[in-house]
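Numbered from 1 within each chain, the chains take letters A, B, ... in sequence-line order.
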Amino acid sequence: MSHSEIRVRFAPSPTGYPHLGNIRTALFNWLFARHHGGKFILRIEDTDVTRKVEGAVENIIDSLNWLGLDWDEGPYFQSQRLPLYQEIVRKLVNQGPAYLCYCSPHRLEEMRREQIRRKQPPKYDRRCRELTVQQRAQLEASGVTPVVRFKTPLEGETSFHDLIRAKVTFQNDTLDDFILLKSDSYPTYHLANVVDDHLMVISHVLRADEWLSSTPRHILLYQALDWQPPQFAHLPMILGPDRAKLSKRHGATNIIEYQRQGILPEAMINFLSLLGWSLDDKTELLSREELVKHFTLERVGKTAAIFDKDKLEWMNGVYLRRLTPEQFASQAIPFLQRDLPSSVKRPLDDTYISIIMPLIQERARTLADVPHLVDFFFLDELEYDQSLLIKAMDAVSATKAIETSLERLKPLEAWNAVSVENILRPLATELGLTTSKFFGLLRVAITGRTASPPLFQTMATLDKQRCLKRLNKALQKIKEQK
RNA sequence: GCCCUCAUCGUCUAGGGGACUAGGACGUCAGCCUUUCAAGCUGAAGACAGGGAUUCGAAUUCCCUUGAGGGCACCA
């Protein structure tokens with residue numbers, strides 16, 4: 001394995017489902033690896049037994065698969081590597097950089113509370129750092145299971161060069177003796193993360209900004225272990241509309257939710273790539289291949305970004321319109337199956353769908369919009385407020401307009417958009433109505449709403465019989481009102 | 001409270017001393033197109049957080065203030 005090989009990892013913990021921010025981190029790692037011809041590794045950091053969420057690992061994998069972020073190694077599971085961490089901790093204790101701590105969680109919590117009350121930084125008071133042999137023997141005899149803490153240097157400073165933030169320095173005395181091994185003998189994040197990054201020969205750690213302040217701990221660990229630390233690049237965070245760290249309360253927190261909402265993976269990738277990265281001053285639409293080709297850390301920004309759903313949906317609309325009619329239809333079908341009213345018979349008619357879809361392809365921002373845009377093509381009974389019929393004119397002229405239309409359409413043999421238009425367009429003039437009013441009236445009668453695909457194509461797609469039926473129904477509705 | 005980071009239109013961003021009357025995109029508004037809604041086209045409004053300093057010249061460099069975010073767990 002050459003020294004210069006690029007190896008990055010995505011290391012989520014299965015304590016929840018991945019959200020936009022997590023996935024953006026995964027994406028940047030993936031793009032970085034693919035751009036440099038390196039390796040992208042998936043590692044599950046499942047060291048917190050108490051917070052493990054059922055199905056989280058599957059969800060992480062589904063999310064990556066949905067977006068086409070394929071990995072070259074893994075998934076590795078830290079829970080299956082416990083002896084590795086324990087051995088290294090043993091070494092650290094024996095050689096001096098770590099020590100056993102017998103303080104009870106209760107005491108630690110009391111201490112912390114007191115420190116906060118006195119407006120002091122909450123830090124471990126290092127009581128167990130320099131225990132005498134007798135003290136240790138005594139505590140050991142009392143049956144307390146100790147944790148292992150890192151002996152953070154009391155003085156000096158720790159700094160590192162971040163690929164995005166440049167030089168970052170921390171005073172060691174602001175750090176405390178953090179825990180390496182918990183009393184259940186699982187490693188903490190800090191330890192497991194450092195050990196695995198080293199063992200897996202990770203060259204670059206691209207992770208969210210929230211990890212910046214724990215990096216000096218990691219550097220100190222690398223030094224104590226006499227290992228070469230990887231390069232760090234802390235990515236700007238993605239915030240919710242309230243400018244706070246993304247969390248459950250921001251809705252659609254699980255990335256897979258966007259699939260359900262009808263977002264295409266290509267659009268999601270493109271959109272996410274632009275959160276914290278840009279190619280230049282104008283390019284917005286980039287394919288996966290173009291992203292791989294152009295992605296570099298130099299063009300990653302430093303400022304946190306707020307996720308804007310409007311822009312995501314706009315971009316999704318662009319990708320939707322770029323699909324061929326066949327692709328669009330096949331993408332839309334699962335959404336029609338799922339969301340069309342249950343009164344519509346299944347299975348749906350593929351041929352009928354393939355005729356309808358082109359009529360709404362440019363009108364949908366998400367695939368989840370589709371069922372609502374086309375449901376009147378499938379329903380037998382339209383439900384709409386009769387006031388829509390006489391919105392633009394009185395009941396008498398509306399009745400007359402529809403009656404005349406029926407009269408002229410009845411004898412029509414060849415029923416298609418052109419033939420229907422040839423009859424109806426002249427009729428508007430004859431009735432003394434603007435096309436806007438006349439066609440608007442017919443639109444409501446035919447579709448039950450004021451906005452729809454072009455009227456004549458819609459009428460042609462619905463067959464003659466159904467159109468005439470709906471026109472009669474409209475007449476009835478107008479009468480009922482009077 | 002302490003530590004770290006960040007700071008350009010409402011939002012995503014371009015900008016790395018003169019090319020800036022600060023560019024693009026989403027959104028908003030207006031107009032065109034048009035049978036409606038979309039789409040498309042055209043146009044408009046809209047930002048360098050504030051104050052010092054350096055410089056012939058600062059959105060761009062430095063300092064301070066302010067603001068925002070993150071971290072300070074036997075969570076990651």
Side-chain angles (χ1 to χ4, degrees), chain A residues 11-16 45-48 50-51 101 103-105 108-109 112 115-124 145-149 162 164-165 168-171 173-176 178-186 188-190 192-193 208-216 234 236-237 239 241 243-245 271 274-285 299 301-315 317-318 321 360-365 369 373 421 424-425 428 434-444 447 449-456:
Chain A
S13 77
T15 52
E45 309 216 321
D46 52 350
T47 54
D48 187 343
T50 61
R51 289 204 310 155
C101 169
C103 296
S104 70
L108 296 174
E109 196 185 321
R112 200 173 305 121
Q115 284 163 336
I116 289 167
R117 195 188 62 76
R118 291 165 50 194
K119 300 200 186 297
Q120 300 285 313
K123 272 166 61 177
Y124 176 55
T145 313
V147 300
V148 179
R149 288 184 183 271
D162 187 278
I164 292 170
R165 320 262 153 199
V168 184
T169 304
F170 290 79
Q171 296 302 315
D173 61 13
T174 63
L175 273 25
D176 75 349
F178 56 98
I179 292 174
L180 298 175
L181 202 68
K182 304 182 246 183
S183 58
D184 64 1
S185 70
Y186 271 71
T188 57
Y189 166 84
H190 301 299
N193 191 262
D209 211 21
E210 58 187 316
W211 297 108
L212 190 64
S213 22
S214 46
T215 306
H234 288 90
M237 306 258 296
L239 275 21
R243 307 199 141 273
K245 192 171 156 179
F271 176 76
L274 262 17
L275 247 33
W277 176 87
S278 64
L279 175 59
D280 54 30
D281 60 340
K282 48 179 73 73
T283 312
E284 302 263 13
L285 299 167
R299 295 206 58 85
K302 300 178 180 184
T303 43
I306 295 170
F307 156 64
D308 179 13
K309 194 172 185 187
D310 267 333
K311 189 158 182 173
L312 201 216
E313 293 193 354
W314 162 75
M315 190 173 278
V318 172
R321 273 171 252 128
I360 54 92
Q361 183 166 356
E362 70 175 26
R363 292 173 168 76
R365 276 163 82 84
D369 291 342
L373 288 169
E421 177 166 9
L424 295 178
R425 192 171 287 280
T434 60
T435 49
S436 176
K437 280 187 182 179
F438 180 45
F439 297 159
L441 169 69
L442 295 180
R443 168 171 293 107
V444 171
T447 68
R449 53 184 76 164
T450 53
S452 79
L455 181 61
F456 309 122

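- Here C2(B) presents its C1' atom at 12 Å from NZ of Lys119(A), a figure rounded to the nearest Å.
- Ion pairing between Asp48(A) and Arg51(A) holds under the 4.0 Å rule for side-chain N and carboxylate O.
- When all heavy atoms are compared, the tightest approach of Leu175(A) to Pro216(A) is CD2-CB, 4.0 Å.
- Minimum interatomic distance between Ala305(A) and Leu275(A) (heavy atoms only, all atoms of both residues): CB-CG, 4.2 Å.
- Taking 4.0 angstrom as the limit, Arg449(A) places none of its side-chain polar atoms (N or O) nearer than this to OP1 or OP2 of C37(B).
- Residue Arg299(A) places at least one side-chain N or O closer than 4.0 Å to OP1 or OP2 of G15(B).
- Taking only side-chain atoms of Thr47(A), from C-beta outward, the nucleotide of C72(B), A76(B), U11(B) with the closest atom is A76(B).
- Closest-nucleotide positions on RNA chain B for Ala451(A) and Leu212(A) were compared, and the one nearer the 5' end corresponds to Leu212(A).
- Listed pair Thr188(A) / C74(B) fails the phosphate criterion, with no side-chain N or O lying under 4.0 Å from OP1 or OP2.
- Residue Leu108(A) places its side chain closer to C74(B) than to any other of C74(B), G24(B), G71(B).
- Residue Arg112(A) places at least one side-chain N or O under 4.0 Å from the OP1 or OP2 atom of C74(B).
- The shortest distance between the side-chain N/O atoms of Lys245(A) and the OP1/OP2 oxygens of G71(B) is below 4.0 Å.
- Among the heavy atoms of the strands lying under 4.0 Å from Ser213(A) is at least one base atom, whether or not backbone atoms are also near.
- Rounded to an integer number of Å, the gap from Glu421(A) CD to U35(B) P is 9 Å.
- Under 4.0 angstrom from either OP1 or OP2 of G1(B) there lies no side-chain N or O belonging to Lys123(A).
- Taking atom CD of Gln120(A) as the reference point, atom P of C72(B) lies 18 Å away to the nearest angstrom.
- Contacts of Arg165(A) with the nucleic acid, taken as non-hydrogen atoms under 4.0 Å apart, involve only primed sugar atoms and P, OP1 or OP2.
- Using a 4.0 Å heavy-atom cutoff across all strands shown, Thr169(A) reaches sugar-phosphate atoms only and no base atom.
- Between U35(B), C4(B), C26(B), one nucleotide has an atom nearer to the side chain of Asp308(A) than all others, and that is C26(B).
- With U5(B), A7(B), G27(B) as the candidates, the nucleotide lying closest to the side chain of Thr303(A) is A7(B).
- Shown here, A47(B) forms no base pair; nothing in the strands shown gives a Watson-Crick or G-U wobble contact with both key distances under 3.5 Å.
- For the pair Lys282(A) and Ile306(A), both in contact range of RNA chain B, the more 5′-proximal nearest nucleotide belongs to Ile306(A).
- Counting to the nearest Å, the P atom of C75(B) and the CG atom of Asp48(A) are 6 Å from each other.
- Residue Arg363(A) has its side chain nearest to C37(B) when only A76(B), C37(B), C4(B) are considered.
- Residue contacts shown for Leu274(A) are limited to sugar-phosphate atoms, with no base heavy atom under 4.0 Å away.
- Within the 4.0 angstrom heavy-atom criterion, no nucleotide atom of any strand lies near Pro216(A).
- Proximity of a side-chain donor or acceptor of Asp162(A) to a complementary backbone N or O of His234(A) within less than 3.5 Å is detected.
- Lys182(A) has a side-chain polar atom (N or O) that falls below the 4.0 Å cut-off from OP1 or OP2 of A76(B).
- Nucleotides G16(B) and A22(B), compared at atom C1', are 15 Å apart to the nearest Å.
- Checked against C72(B), G71(B), U5(B), the side chain of Asp209(A) finds its nearest nucleotide in U5(B).
- At whole-Å resolution of the value, CE in Met315(A) and P in U11(B) are 18 Å apart.
- Of all non-hydrogen atoms in Thr174(A) and Lys123(A), the two that sit nearest each other are O-CD, 4.1 Å.
- Residue Ser452(A) comes nearest to Arg443(A) through the heavy atom pair OG-NE, 2.9 Å, listed as atom of the first residue, atom of the second, then distance.
- Minimum atom distance to the side chain of Arg321(A) is reached by A39(B), of the listed A76(B), A39(B), C2(B).
- Distances from the side chain of Asp310(A) to the nucleotides G27(B), U13(B), C12(B) place G27(B) closest.
- Salt-bridge formation is detected for the pair Asp209(A)/Arg165(A): a Lys NZ or Arg NE/NH1/NH2 atom is positioned less than 4.0 Å from an Asp or Glu carboxylate oxygen.
- Ranking G1(B), U35(B), C26(B) by closeness to the Thr435(A) side chain, first place goes to U35(B).
- Within 4.0 Å (heavy atoms only), Gly276(A) reaches sugar-phosphate atoms of the nucleic acid but no base atom.
- Taking atom CD1 of residue Ile179(A) and atom P of nucleotide C75(B), one finds them 7 Å apart after rounding to whole Å.
- Rounded to an integer number of Å, the gap from CD of Gln115(A) to C1' of G71(B) is 16 Å.
- Note on Arg243(A): every side-chain N or O is 4.0 Å or more away from OP1 and OP2 of G70(B).
- Base contact: Val147(A) has a heavy atom under 4.0 Å from a base atom.
- Closest to the Met237(A) side chain, of the nucleotides C4(B), G70(B), G24(B), is G70(B).
- Atom C1' of nucleotide G27(B) and atom NZ of Lys311(A) are separated by 10 Å, given to the nearest angstrom.
- Among the protein residues, Glu45(A) comes within range of the sugar-phosphate backbone only, with heavy atoms under 4.0 Å from sugar or phosphate atoms but none that close to a base.
- The shortest heavy-atom contact between Arg365(A) and Trp314(A) is NH2-N, 3.5 Å.
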